[in-house]
2 protein chains.
Amino acid sequence: MNDATLTIADRIQQKLDALTRAERQLAHSILENYPASGLGPLTALAKDASVSVPTVARMVQKLGFKGYPEFQAALREELKAKVKNPIAKHDTWAEGAPSGHMLNRFTDAVIDNIRHTLAQIDPDAFDAACALVADRDRRLCIVGGRITHTLAEYLFLHMQVIRPNVTHIQSTSNAWPHYLLDTRDSDVFVIFDMRRYENNTLRLAQMAKAQGARIILFTDQWRSPVHQIADISLSGRIVVPSAWDSVATTLLLVETMISSVQNLNWDTTKDRMEELEGMFDQTKLFRKFT
Amino acid sequence: MNDATLTIADRIQQKLDALTRAERQLAHSILENYPASGLGPLTALAKDASVSVPTVARMVQKLGFKGYPEFQAALREELKAKVKNPIAKHDTWAEGAPSGHMLNRFTDAVIDNIRHTLAQIDPDAFDAACALVADRDRRLCIVGGRITHTLAEYLFLHMQVIRPNVTHIQSTSNAWPHYLLDTRDSDVFVIFDMRRYENNTLRLAQMAKAQGARIILFTDQWRSPVHQIADISLSGRIVVPSAWDSVATTLLLVETMISSVQNLNWDTTKDRMEELEGMFDQTKLFRKFT
DNA sequence: CGTTCGTTGTGATATTTTTTTCAGAAATTT
DNA sequence: AAATTTCTGAAAAAAATATCACAACGAACG
């Protein structure tokens with residue numbers, strides 16, 4: 001019997017492809033807080049996953065159990081074994097991988113980065129930055145460098161949906177001076193600059209500043225020289241066990257900003273999103289059914 | 001005392017002296033393998049402890065529960081809370097911001113995503129993916145969609161430094177069929193596809209597969225349809241309190257992959273990096289002093 | 001455009017589980 | 001040692017839970 005080594009979570013994961021839509025939905029709900037939810041009554045589980053009662057019964061049968069009670073019994077056995085076995089202690093992120101595995105080491109580092117970054121961020125400055133970015137009366141210009149232009153573009157793609165008048169400039173391009181020609185003093189520049197800090201980005205920031213624009217800077221813990229002229233600086237920790245830095249924490253900040261800005265003027269954003277949806281529907285770019 | 005901080009095991013211990021003989025016997029049986037035994041049916045628990053059924057019912061009432069089901073529900077809640085990693089217990093990540101602040105809510109969600117993602121990832125599959133990507137003899141093609149091309153490019157920019165023969169294709173572009181012309185069966189495609197899944201990406205994957213290429217897929221927890229033909233699928237959780245999804249967890253996986261791949265052939269990567277540094281020095285793109 | 005297949009949920013039925021009742025056993029007190 | 005109180009467990013009643021059969025729905029195919 002090879003069931004001994006396979007947890008029920010594994011079995012669910014493995015069968016995931018053979019399951020139907022509602023069953024998959026249920027499976028994810030079970031894994032969501034495993035194994036607690038599976039130990040409650042069938043009815044509660046079904047309600048929790050927003051599927052019907054028989055769907056649950058059918059799925060556990062597909063998993064190889066005679067019925068829901070047997071499934072629960074197996075779950076309890078597994079729990080009993082796990083508590084007894086000290087090796088099962090949850091000190092690694094990816095179970096099944098040694099603690100020295102890159103997955104665990106890297107995740108450790110990133111979580112640490114997040115903790116440090118959030119601990120030292122000024123919520124008021126962050127809110128102020130969001131308010132500036134959300135202000136439709138100001139033109140918004142998003143600037144990234146050689147690597148960070150990916151982050152810049154990510155922010156740009158979302159801002160484009162939320163509000164009008166957004167531009168994405170890559171500081172490594174030699175076309176950017178053109179963009180600065182008609183910068184007004186109400187404009188807002190969101191600039192990404194992580195080490196190694198780029199000369200082009202600094203120059204661009206200086207010129208924008210000279211024209212009266214507000215500058216919001218995303219940088220790392222050591223701060224780009226741009227921060228001296230930036231109105232608001234948001235710095236994230238980026239150290240990981242790698243030859244490169246991690247922008248995961250910065251992305252977290254960016255995504256949080258997107259979410260905040262979207263909330264600040266949800267009424268109009270909603271309309272824009274629906275409009276966009278309609279246009280995408282016509283392009284058949286996306287699949288109709290998940 | 002508030003029950004919030006007291007586990008049920010604690011409550012049983014505390015009440016132990018106030019219990020009768022049969023009840024004490026039962027209590028010890030529950031603590032014997034806690035909490036599994038308490039999550040089974042009342043009848044089984046009674047039999048296990050060699051006490052009668054009503055004894056169980058009476059004891060849980062002495063413990064302050066209305067009935068056995070309520071006792072079980074409390075046990076499940078406790079289990080649910082326990083499974084959550086202690087690191088996720090921070091109610092506020094950004095001190096100085098209320099716990100309801102977007103910074104805290106969003107970070108909570110992302111940490112949760114990371115935890116779930118890492119818990120269900122298969123380290124062997126991940127390692128296999130890294131090995132494929134690291135193999136210099138295979139050409140590497142990185143594919144992204146409307147939003148995910150930012151992730152794709154991030155991976156591309158780093159791979160470009162680490163190894164030769166890397167291409168970045170945007171599936172929304174209509175130029176991609178050209179790239180597939182001379183796909184060989186040793187090629188590796190790294191494909192990003194998160195909801196809403198894109199038809200173009202699926203078609204591209206199918207064509208690549210038909211030409212014999214290996215496919216590594218980065219997707220979300222619900223899995224792009226591409227995963228049916230992918231050799232290796234890496235899925236990340238993406239749910240956050242926002243109208244959009246979060247790719248922060250996926251970025252974590254991507255960065256970890258970069259780091260792993262870099263380690264796999266550090267000897268040659270090192271040379272390439274130094275060479276690149278030299279070239280950058282000449283362009284004066286970066287600042288000399290941090 | 002209609003047909004067919006697989007999937008899903010509703011309602012009825014059967015089963016299990018929990019609660020209650022009550023009588024006998026054990027312990028304690030007088 | 002008898003009376004009283006407290007505890008315990010068997011069995012029945014009540015409640016909930018799980019299973020089953022069937023109809024409705026929606027997607028895929030010709």
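When reading the values below, keep in mind they use all heavy atoms of this one structure, side chains included, and skip hydrogens, waters and symmetry mates. In the text below, chain A, chain B and the rest are named by the order of the sequence lines, each starting its count at 1.
- Checked by atom type and distance alone, the side chain of Y34(B) pairs as donor or acceptor with a backbone atom of A9(B) at under 3.5 Å.
- Rounded to a whole Å, the CD atom of Q25(A) is 11 Å from the C1' atom of dT8(C).
- In this structure, M59(A) places its CE atom 14 Å from P of dG9(C), rounding to the nearest Å.
- As a whole-Å value, the separation of F65(A) CZ from dT19(D) P is 13 Å.
- Distance L19(A) CG to dT8(C) P: 10 Å, rounded to the nearest Å.
- Put simply, the side chain of R11(B) gets close to the backbone of L63(B): a donor and an acceptor are under 3.5 Å apart.
- Spacing between atom CG of L45(B) and atom P of dG9(D) amounts to 13 Å, rounded to whole angstrom units.
- One interatomic measurement links the two molecules: CG of D48(A) to C1' of dT17(D), which rounds to 17 Å at whole-angstrom precision.
- The shortest side-chain heavy-atom distance between T219(B) and V226(B) does not fall under the 4.5 Å cut-off.
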TODO: Going 5' to 3' through nucleotides 16-29 of chain C, assign each nucleotide B (protein heavy atom under 4.0 Å from a base atom), S (under 4.0 Å only from sugar-phosphate atoms) or - (no protein heavy atom that close).
DONE: -SBBB---------
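- A donor-acceptor pair is defined here as one N or O able to donate and one able to accept, closer than 3.5 Å; no such pair exists between the side chain of Q170(B) and the backbone of H149(B).
- Remark: P of dC25(D) and CZ of R21(A) are 15 Å apart, rounded to the nearest angstrom.
- Q221(B) places none of its side-chain heavy atoms less than 4.5 Å from the side chain of N113(B).
- Within the structure, every side-chain polar atom (N or O) of T20(A) is placed at least 4.0 Å from both OP1 and OP2 of dG6(C).
- For D231(B), the salt bridge (Lys or Arg N to Asp or Glu O under 4.0 Å) partners two or more places apart in sequence, or in a different chain, are K209(B).
- At dG9(C), one or more side-chain N or O atoms of T55(A) fall inside 4.0 Å of OP1 or OP2 (strictly under the cut-off).
- Atom CD in E23(B) sits about 11 Å away from atom C1' in dT6(D), given to the nearest Å.
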